[in-house]
Chemist: 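Pasting in a structure now, in structure tokens, and then I'll have a few things to ask.
Quick note on labels: first sequence line is chain A, next is B, and so on, each numbered from 1.
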Amino acid sequence: MRADSVVILDFETTGLSPDQGDRAIEIGAVRLINGEVKDQFQALMDPGFRVSSFIESYTGISNQMLSQAESCKQVMNEFADYIGDDNLIAHNASFDSRFLNAELMRIGRQTVGNFSCSLLLSRRIFQDADSHKLGELIRYANIPSSGGFHRALYDAQMTSQLWLALLNDIAVRYDLHDLSFAQIQKICKTPKGAIDKLLNKWAQI
DNA sequence: TGCCAGGCCCTCTTTAGGGCCTT
């Protein structure tokens, strides 16, 4: 595993729960190596049934578009190859990890890397943000955006820029650079009120 | 026919409830 290589991913899906029969309909991802976007992955996938009008409207992904897409099995096999053994990041990772695991389980594959969450990290680092929705955080961090949210690749690209902004904020405020993935996961599990103490302690080491 | 999740986090908490976030 390349310690400095992470894949930031985002799923569009037919609903909120794979346990209730919901499936992935699009995957988007970018790979960061040493803090720079090096490559990307995007694919629509046909879940095998019609998606609701709500999902068509919410994502802009129509049933007609999905009818011409490859199957979930084909796409997820390609995506599993793309991920390799890299660590993974998503905004509200508990959601995307559930769909990733469910789709990979269907084809007898699984991930190797660890997952981290830009939502949890932003709640600790951008504590003053009015909202921790992805779009609101992009505005809060003054990240340039065309506003085209709710497509997988675009959301993954925005999440990668948010992730870099969070790491940059930690570097500037605490003079902490090159945090390990394990350290970032530790931050995500630390109560908000204890973040200053933790990061100042690390900065002194 | 009708209904539909789950993890995190705060607080008027911990023998619980409700808001936030994801599609």
Chemist: Looking at dC10(B), dA5(B), dC21(B), which one has an atom nearest to any side-chain atom of K192(A)?
Modeler: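 Side chain of K192(A) sits closest to dC10(B).
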Chemist: After noting the C-alpha distance and the side-chain angles of T159(A) and D10(A), does the key distance pass the side chain to side chain contact (heavy atoms under 4.5 Å, CB included) rule?
Modeler: CA-CA 9 Å; T159(A) 301; D10(A) 182 74; 5.7 Å; no
Chemist: Among dA5(B), dT23(B), dT22(B), which is the nearest nucleotide to the side chain of D155(A)?
Modeler: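 Shortest atom-to-atom distance from the side chain points to dT23(B).
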Chemist: Any side-chain donor-acceptor pair under 3.5 Å between T13(A) and D22(A)?
Modeler: no
Chemist: Under a plain distance cut-off of 3.5 Å, with no hydrogens placed, do Y174(A) and D169(A) share a side-chain donor-acceptor pair?
Modeler: no
Chemist: Taking the inter-plane angle between the rings of F99(A) and F95(A) on a 0 to 90° scale, is it parallel (under 30°), tilted (30 to 60°) or perpendicular (over 60°)?
Modeler: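 The rings of F99(A) and F95(A) sit tilted, inter-plane angle from 30° to 60°.
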Chemist: Tell me which nucleotide among dT23(B), dC8(B), dC4(B) gets nearest to the side chain of Q20(A).
Modeler: dC4(B)
Chemist: Between I8(A) and Q157(A), does a side chain to side chain contact (heavy atoms under 4.5 Å, CB included) hold up when you go through it step by step?
Modeler: CA-CA 8 Å; I8(A) 294 93; Q157(A) 289 169 333; over 6 Å; no
Chemist: Just the rounded figure in Å: distance from P of dG7(B) to CZ of F115(A).
Modeler: 14 Å
Chemist: Is it true that D46(A) and S71(A) share a donor-acceptor pair across their side chains at a distance under 3.5 Å?
Modeler: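 The criterion, which ignores hydrogens and geometry beyond distance, is not satisfied for D46(A) and S71(A).
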Chemist: Which part of the nucleic acid, if any, lies within reach of T14(A) when heavy atoms closer than 4.0 Å are counted: base, sugar-phosphate only, or nothing?
Modeler: nothing
Chemist: Measuring only the C1' atom in each nucleotide, how far is dC10(B) from dT14(B)? A whole number of Å is fine.
Modeler: 13 Å
Chemist: Indicate, with a heavy-atom threshold strictly under 4.0 Å, whether L134(A) touches base, sugar-phosphate, or nothing.
Modeler: sugar-phosphate
Chemist: dC12(B) and dA16(B): how far apart are their C1' atoms, nearest whole angstrom?
Modeler: 11 Å
Chemist: Is the phosphate of dC21(B) approached by S131(A) (side-chain N or O, under 4.0 Å from OP1 or OP2)?
Modeler: yes
Chemist: Before giving the answer on side chain to side chain contact (heavy atoms under 4.5 Å, CB included), spell out for R173(A) and L199(A) the whole-Å C-alpha distance, their side-chain angles and the decisive distance to 0.1 Å.
Modeler: CA-CA 9 Å; R173(A) 277 202 284 149; L199(A) 295 183; over 6 Å; no
Chemist: On a whole-Å scale, what distance lies between the C1' atoms belonging to dC8(B) and dT13(B)?
Modeler: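 The same atom, C1', in both gives a distance of 15 Å.
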Chemist: Output the rounded distance in Å from CG (D22(A)) to P (dA5(B)).
Modeler: 10 Å
Chemist: If you only use heavy atoms from C-beta on, which nucleotide in dC21(B), dT23(B), dA5(B) is closest to the side chain of H132(A)?
Modeler: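 Among the listed nucleotides, the one closest to the side chain of H132(A) is dC21(B).
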Chemist: P atom, dG18(B) versus dT23(B): distance in rounded Å?
Modeler: 25 Å
Chemist: Round to a whole Å and report the spacing from CG of D130(A) to P of dC21(B).
Modeler: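 Answer to the nearest Å: 10 Å.
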Chemist: Distance check needed: dT23(B) P versus F11(A) CZ, whole Å only.
Modeler: 12 Å
Chemist: For the residue pair Y154(A) / S145(A), report whether a side-chain donor-acceptor contact shorter than 3.5 Å exists.
Modeler: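 Per modelled atom types, S145(A) and Y154(A) side chains form a pair under 3.5 Å.
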Chemist: Would you kindly give the CZ-to-P distance between F99(A) and dA5(B), to the nearest whole Å?
Modeler: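 In whole Å, dA5(B) P lies 12 Å from F99(A) CZ.
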Chemist: What residues in residues 48-56 of chain A put a non-hydrogen atom under 4.0 Å from any atom of DNA chain B?
Modeler: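 Residues of residues 48-56 of chain A that come under 4.0 Å of DNA chain B are, in numerical order, F54(A), I55(A).
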Chemist: Kindly point out which of dG6(B), dC8(B), dT23(B) is positioned nearest to the side chain of L120(A)?
Modeler: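 My answer, after comparing the listed nucleotides, is dC8(B).
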Chemist: With P as the reference atom in both, quote the distance from dG19(B) to dC4(B) in angstrom, rounded to an integer.
Modeler: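 Nearest-Å result for dG19(B) against dC4(B) at atom P: 16 Å.
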Chemist: Which residue, P191(A) or K133(A), contacts DNA chain B at a nucleotide closer to its 5' end, judged by nearest heavy atom?
Modeler: P191(A)
Chemist: Mind calculating the distance between CZ (F95(A)) and C1' (dC20(B)) to the nearest angstrom?
Modeler: 15 Å
Chemist: Of all the choices, dC21(B), dG7(B), dT23(B), which nucleotide is nearest to the side chain of T13(A) once you look at every atom?
Modeler: dT23(B)
Chemist: Looking across every strand, which nucleic acid part, if any, lies under 4.0 Å from D96(A) by heavy atom: base, sugar-phosphate, or nothing?
Modeler: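 Nothing, no heavy atom under 4.0 Å.
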Chemist: Take the protein atom NE2 of H91(A) and the nucleotide atom C1' of dC20(B), then report the distance between them rounded to whole Å.
Modeler: 10 Å
Chemist: Do the numbers put R109(A) on top of the ring of F79(A), so that NZ or CZ is under 6.0 Å from the six-membered ring centre and no more than 45° off the axis?
Modeler: no
Chemist: In whole angstroms, how far is the P atom of dT23(B) from the CD1 atom of I61(A)?
Modeler: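 Computing the I61(A):CD1 to dT23(B):P distance gives 11 Å.
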